[in-house]
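Reviewing the structure listed below.
Proteins get letters first, then strands, A, B, ... in listed order; numbering begins at 1 in each. Heavy-atom basis, side chains included; hydrogens, waters and symmetry copies ignored. The structure presented is a predicted model; accordingly, all values stated were derived computationally and were not measured.
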Protein chains: 2
Amino acid sequence: MQRTAAEPGRDLGALSSSGESASARPAACEHGCRFFMDEACAHKSDMDKVGVTVKFARNETIYSKGDEAHYSYKMIEGAVRLSRIFADGRRQIVNFYLPDETFGIELSGEYTSTAEAVGDVVTLRCPRLCIAQLTAGNPDISQKRLAMLSKNLAAAERHVAMLGHQSAKERVASFFLALEMQRRTESEGMLDLPLSRQDIADYLGLTIETTCRALSELKRQKIIDAPSRRRIVIRDLAGLQAIAEGDV
Amino acid sequence: MQRTAAEPGRDLGALSSSGESASARPAACEHGCRFFMDEACAHKSDMDKVGVTVKFARNETIYSKGDEAHYSYKMIEGAVRLSRIFADGRRQIVNFYLPDETFGIELSGEYTSTAEAVGDVVTLRCPRLCIAQLTAGNPDISQKRLAMLSKNLAAAERHVAMLGHQSAKERVASFFLALEMQRRTESEGMLDLPLSRQDIADYLGLTIETTCRALSELKRQKIIDAPSRRRIVIRDLAGLQAIAEGDV
DNA sequence: TCGCTTCTTTGACAAGTCTCAATGCACTCG
DNA sequence: CGAGTGCATTGAGACTTGTCAAAGAAGCGA
């Protein structure tokens with residue numbers, strides 16, 4: 001139930017910080033959210049056209065499972081984790097979102113998972129009703145929304161496949177491989193990930209210890225390197241792929 | 001439990017069987033596929049309006065991963081499994097589809113998983129282009145399509161959560177519980193599932209032996225009964241829920 | 001019906017992962 | 001600078017699941 005209210009310097013979206021009255025402000029759509037659905041224009045040059053920027057601090061809750069789903073978000077900077085907590089206290093991270101990706105699109109009225117900022121995060125935020133309005137009049141946006149959901153579904157299915165029958169080492173390898181594929185802009189093989197070991201473990205469905213051991217094993221094989229806590233260097237991409245695919 | 005107007009062989013949709021020229025036949029949409037997207041009208045009274053019925057025999061492949069995604073399908077009868085095969089020969093079942101559910105909606109041009117008939121199956125089949133056409137002109141249908149994808153995504157996330165940290169016994173319990181929730185029409189607690197143990201195991205990310213042992217354990221605890229191979233009786237729903245949630 | 005095949009169930013053991021505990025490492029705050 | 005804190009890593013043993021093997025049911029065709 002934590003609303004992301006205003007700690008100093010956190011909510012800089014003038015429009016959005018004024019509360020939940022999104023439906024009363026179609027203006028936000030006209031000059032901002034139109035761009036929200038466009039995968040192609042996430043970057044600074046367009047950001048001034050998009051009024052609804054919201055920041056979150058490390059580990060801050062963006063929304064909780066069960067909250068009314070007033071907003072959808074598009075990542076500008078940082079990383080967000082979607083997770084569910086279970087009765088036994090364990091946490092399953094369902095997905096991570098990186099810049100340019102969209103999360104928080106719910107068709108039922110409630111969020112089905114909890115979203116938290118992994119590190120410091122900048123997002124574009126758009127009221128649900130605003131999107132609905134845009135979607136109704138614009139098949140193009142409707143199409144994009146569909147594409148995003150579809151992409152998320154594909155990711156979830158890959159996740160299922162991984163959890164279904166990869167060993168700890170294979171999972172860790174697959175995980176880094178996926179990150180590497182995604183962030184091709186970075187300097188070769190260098191992953192600068194804000195995730196803790198616990199985050200990784202919770203995504204992979206492993207304990208932190210097992211994750212660590214798998215990592216150490218990969219280091220021993222000179223396939224990756226971990227020069228600092230939050231940095232991974234892939235030294236042998238082919239080797240990593242081989243492991244991810246089960247060729248020991 | 002078989003019916004449907006239909007025939008020898010398998011493809012009785014005259015419109016659809018005439019090849020991939022769906023785009024040239026908007027007529028199919030006008031009198032058939034319009035209803036395809038409607039969750040509410042899957043039953044007999046509407047079926048005569050929907051020309052494109054297709055049947056599949058037990059274990060028949062409906063489409064394979066990588067095939068061009070010409071069609072989407074809606075389940076009328078039976079069950080379908082969506083799966084992926086891995087390098088090591090193991091199979092992960094990503095989802096099952098039961099009557100009234102829809103599968104095969106791909107936004108990329110290719111199917112991302114393989115679909116097979118678990119038992120004998122009856123589906124409604126609709127060409128992709130046909131759906132696209134309908135969607136363009138009709139925000140309502142667009143909405144339904146979105147809802148279906150969203151439902152599939154939610155299911156995938158639950159699946160991830162299950163594989164992420166439930167024990168074998170918990171998974172089996174959750175599985176039957178989910179089935180029970182879904183088929184509330186059946187007589188109390190009685191599940192008539194066409195799935196083999198291998199199918200269940202591949203869905204749960206377990207081996208067939210482990211699945212079997214978990215099942216036997218549940219039988220021993222008098223929580224379920226398995227009077228025949230393809231039939232499960234839930235004798236203690238509360239107990240099943242307790243196990244699924246981790247309360248031993 | 002019998003015999004054959006396929007699927008299911010059970011057992012014994014091996015392998016992988018989790019749990020608990022201790023240590024190491026990096027960063028922050030006095 | 002040193003102590004304190006949180007996170008990461010490693011080790012030892014318990015427990016769960018996978019593997020291999022065999023026996024028991026169920027379905028099928030001759």
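- Taking atom CD1 of B/I232 as the reference point, atom C1' of C/dT8 lies 12 Å away to the nearest angstrom.
- Applying the 4.0 Å criterion to OP1 and OP2 of D/dT9, one finds that A/K219 has a side-chain N or O inside that range.
- Applying the 4.0 Å criterion to OP1 and OP2 of C/dC18, one finds that A/T210 has a side-chain N or O inside that range.
- Between the CZ atom in A/R58 and the CD atom in A/E116 there is a gap of 11.5 Å [rounded to 0.5 Å].
- The side-chain heavy atoms of A/V118 and A/Y97, taken from C-beta on, include no pair separated by under 4.5 Å.
- Two residues, A/G164 and A/S216, neighbour DNA chain D, and the one matched to the more 5' nucleotide by heavy-atom proximity is A/S216.
- Taking atom CG of residue B/L163 and atom C1' of nucleotide D/dT17, one finds them 14 Å apart after rounding to whole Å.
- You'll find the side chain of A/F96 stays beyond 4.5 Å of the side chain of A/F103, heavy atoms only.
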For nucleotides 4-7 of chain C, print each protein N/O atom paired with a nucleotide N/O atom at under 3.5 Å, atom names and distance only.
{"unit_1": "C/dC7", "atom_1": "O2", "unit_2": "B/R229", "atom_2": "NH2", "d": "3.2"}

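- Nearest to the side chain of B/S167, among C/dT9, D/dT17, D/dT9, sits D/dT17.
- In this entry the distance linking CD of B/E217 with P of D/dC15 reads 16 Å, nearest Å.
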Hey, what are the protein-to-nucleotides 20-22 of chain C N/O distances that come in under 3.5 Å?
{"unit_1": "C/dC20", "atom_1": "N4", "unit_2": "A/E209", "atom_2": "OE2", "d": "2.9"}

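- What separates CG of A/L215 from C1' of C/dC25 is a distance of 16 Å, to the nearest Å.
- Distance NE2 (B/H165) to C1' (C/dT19): 17 Å, rounded to an integer number of Å.
- Distance, B/D199 CG to C/dT8 C1': 13 Å, rounded to whole Å.
- Using modelled atom types, no side-chain atom of A/E217 and backbone atom of A/K169 make a donor-acceptor pair closer than 3.5 Å.
- Contact check on A/R91 versus A/D199 returns a salt bridge, with a Lys/Arg side-chain nitrogen under 4.0 Å from an Asp/Glu carboxylate oxygen.
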Practice task
Quick one: do A/Q92 and A/S83 satisfy side-chain hydrogen bond (donor to acceptor under 3.5 Å, both in side chains)? Show the steps, please.
Solution key: CA-CA 5 Å; A/Q92 176 65 47; A/S83 63; over 6 Å; no

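- Nearest nucleotide to the A/T207 side chain, out of C/dC18, C/dT9, D/dT17: C/dC18.
- Partner of A/R171 under the side chain to side chain contact (heavy atoms under 4.5 Å, CB included) criterion, chosen from A/T211, A/I200, A/L206: A/L206.
- Contact check for A/I224 versus A/L191: no side-chain heavy atoms found under the 4.5 Å cut-off.
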Problem - From CA spacing to verdict: side-chain hydrogen bond (donor to acceptor under 3.5 Å, both in side chains), A/S64, A/T61 - result: CA-CA 7 Å; A/S64 296; A/T61 298; 5.1 Å; no

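- Using a 4.0 Å cut-off between charged side-chain N and carboxylate O, A/R84 and B/E157 make a salt bridge.
- In the region residues 84-92 of chain A, proximity to DNA chain D at under 4.0 angstrom, judged on heavy atoms, holds for none of the residues.
- The distance from atom CZ of B/R220 to atom P of C/dT10 is 7 Å, rounded to the nearest whole Å.
- B/R231 places its CZ atom 14 Å from the P atom of D/dA26, with the value rounded to the nearest Å.
- Between A/K65 and A/Y111 there is no side-chain heavy-atom pair separated by less than 4.5 Å.
- For C/dA26, the OP1/OP2 oxygens have no side-chain nitrogen or oxygen of A/S228 closer than 4.0 Å.
- Between the B/H159 side chain and the B/L204 main chain, no donor and acceptor come within less than 3.5 Å of each other.
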